[in-house]
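Only one structure is covered here, and it is reproduced in the block below.
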Amino acid sequence: MATPAARAFRRLEGLFCVYKPAGVPWKLVRDGIETKLLKGLDALPSLPIPEQTRFLPPPGGDNLTPKVLSAVCVPALSKHRLVTGPEFRHIRVGVGHRLDTFSSGVLVLGVGNGNKALNDLYHTRVTRDYTLEGEFGTATDDFSHMGRVVERSTYDHITQDKLERVLAMLQGANQKALLTYANVDMQSQEAYEMAVQGSLGPDGKSPPILMSLRCIRFQPPNFTLEVQCLNETQKYLRKVVHEIGLELRSTAICKGVRRTRDGTFTLQDALIRHQWTTAEVMRAVKKNRPSTRSVISSNRSTPVPTDKEVRSSYETQSCDRLTPPRSHKQDLMS
Amino acid sequence: MASSCVQLCIRHRLVLPLKTVALTVCTQARRCHTFIRPRRPPDVSGMQAKYQQRPCICFYSNIISKQENKESKQLIHLNDDVSSNESPTSLDQDAATRLPALEEISDEEAASLTPYPSIPPASASLREYVDQSETLVKLVQLGVNLWKLEQRPNVGSMLLRLVFDKDVAPRLLFLKSIGVDDSRLGYVVTHNPLVLTEDLENLQARVNYLKSKKFTSENVASMVSRAPYILNFSVKRLDNRLGFYQQQLGLNAANTRNIVARLPRLLCGSLEPVKENLKVCEIELGFKANEIQHMVLAVPKILTANKRKLTQIFDFLHNTMKVPHHLIAKFPQVFNNKFLRIKERHLFLQYLERAHYDPDQSSYVSLERLTSSPDYTFCTEVALATLEDFYVFQKTL
């Protein structure tokens, strides 16, 4: 007979995403979630202790009375919770595309058999969306605001127009890299058909490629970029901010890297810290079952993923729920 | 290991065929409980040395072999008929040929026969022994977490060796007499099983020492309930620690008693981390001596807190939130919180432009309201926003 804990354990299988806070290593997040899931499973009620029959001799001391055994039904303490320990001592929780300690954002985790889908997620060429907060005027050794300052410069000459031009130049260079690493002859029909479907892109390993790059907010010295990229690392994205500063003949540091989308998992689905419980994770896994299936099937059937679907789904959902501060203040005051 | 197992099998079989002797021995030994209760501790043999690489394996076979030896010696003493007990191996061969399993026996003999003991000679878990051992049964009924205890090396064997009436009961009654609640006895034994092997005179001496330092009996009871290891430390060590706290913090006797009664594990752990924490507060964080005294009196946990956490929280409070030293010293409970909680709440208030921590300003937010209130109260009263807004904001950080 399955205990409630065993039934819950079987339901904990699939992919879900959490919002990783900045400053916390991804491994701590994964360990914390595993501990919370195990604690939740341990708290579920267990089956009552089975009984066993024991035959005891009568307590009398004399040899003359005939020895008759008495049958006694006692609980089998070897099955008691305090003796056997918790039913589940380990859950397999795997991490998808990792986020380094400095960054925050959507972190896809797989639990139980869902870890197999993580493998497919790696091979599927899904893009990720990031929001980069930058600040002009300083250059540091690790490109972030917590590093050692290397250089300071002025930024008064920078206008939004110049920034847009630099971004366009970068995007052009990245598009060229995209086509080069696609390993397809540009003059062929095959390349045309792939481009029409939107599935033209690098296959397998390639250097980081930024598919699109645009500036959302520009208030010197601060600016915010929105990036869609492939095969990237967060340090590369901070380096991109640094290089933008250099292109504009100034310097820039990155104050925050925030992943807003990983494949089909967006900020809306991400669980924040107080939601890292067994019930919430089960709900999230159930909700994400269709997208998990699409990840697995897309990896199995076609060699190139349906990036067009991903992009269209992104456009229909709104990633940035909070409007810029000005209008939000008006909402509050009204 | 194989040879010892074979030896043990031989010894088990020794008990069963000697039916006439078994009857007389039966009345003395208590059959429903384990007969693995030797009165002397097993000495370290070569086999135990082999098992030392795996501390979780409790080595019980030595215990059984000693007990069997004693019982077989008893049997030899009681019945002179059994003369061939000098060489166990020759007896075994004779027993095997004389008494096949299908021999008919009377009802009385059948009733007195115990089933072949299903207790393994050595095991990595107490599960196999719990049904046969009176001590283990009573401990489980008290609420002791045997699973946690068997992970510790040697504790499982120690528990099996204890006799409930002679070893465990007097100590539990002693704990009860100090004032420890019945429901806490399980907790105390789970966290400190070695209290069951301490001398009763030593335990009494330590309790008398604490009472002589003017701790009330309720205080002593609560200290033992919350820090079970306290009774295992010698009087000299307890004295040393009390003296250290009084001298280092510059507190009078009443205040020292106060913090030790509230956080009894101060007397249990090492003093090095406490010294380091005090140095951190003084040098790195820059608190004055009287501020440190006040903070420790309010929150003694600061003495055993993680240094990195203390520094991280203080750095954020002082350098980012610009809260001065005297305000932090007034509310040291802020160090009890998780760093991320303080950070998220401060950034939320900053976003809503309500981050005023100076008492002179209007709409001043005290550190207590910032950190100690639950999420709902914080959102509705301090930030004047909804809980959903706060959760959505957390996803933008």
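Letters A, B, ... mirror the listed sequences (proteins, then strands); counts begin at 1. In this text the structure is predicted, and so the values were computed from the model without any measurement.
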> Quick check: does any side chain N or O of A:Lys20 sit under 3.5 Å from a backbone N or O of A:Ser103, one acting as donor and the other as acceptor?
Replying inline: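 Yes: the side chain of A:Lys20 pairs with the backbone of A:Ser103.
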> When you measure from the side chain of B:Asp131 to the backbone N and O of A:Ala76, does any donor-acceptor pair fall under 3.5 Å?
Replying inline: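 Between the backbone of A:Ala76 and the side chain of B:Asp131 there is no qualifying donor-acceptor contact (under 3.5 Å).
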> Is any NZ, NE, NH1 or NH2 atom of the basic residue among A:Asp142 and A:Lys235 found under 4.0 Å from an Asp or Glu carboxylate oxygen of the other?
Replying inline: no
> Where on B:Gln141 is there a heavy atom nearer than 4.5 Å to chain A: the side chain, the backbone, both, or neither?
Replying inline: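 Interface part for B:Gln141: neither.
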> Checking heavy atoms, do the side chain of B:Val144, its backbone, both or neither come under 4.5 Å from chain A?
Replying inline: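 Just its backbone gets close to chain A.
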Based on non-hydrogen pairs under 4.5 Å, which of [options] is most in contact with chain B?
{"options": "A:Pro75, A:Pro86, A:Gly256", "answer": "A:Pro86"}
{"options": "A:Ala270, A:Gly105, A:Ala22, A:Ser104", "answer": "A:Ala270"}
{"options": "A:Arg81, A:Glu133, A:Gln52", "answer": "A:Gln52"}

>> Is A:Val106 in contact with chain B via its backbone, its side chain, both, or neither, using a 4.5 Å heavy-atom distance?
In response: neither
>> Quick check for you: to the nearest 0.5 Å, what is the distance between A:Leu77 atom CG and B:Leu139 atom CG?
In response: 11.0 Å
>> Before you tell me yes or no, could you show the steps for B:Ser225 and B:Arg184 under side chain to side chain donor-acceptor pair (under 3.5 Å), namely the whole-Å CA-CA distance, both residues' side-chain angles and the distance that decides it to 0.1 Å?
In response: CA-CA 6 Å; B:Ser225 309; B:Arg184 290 293 281 185; 4.6 Å; no
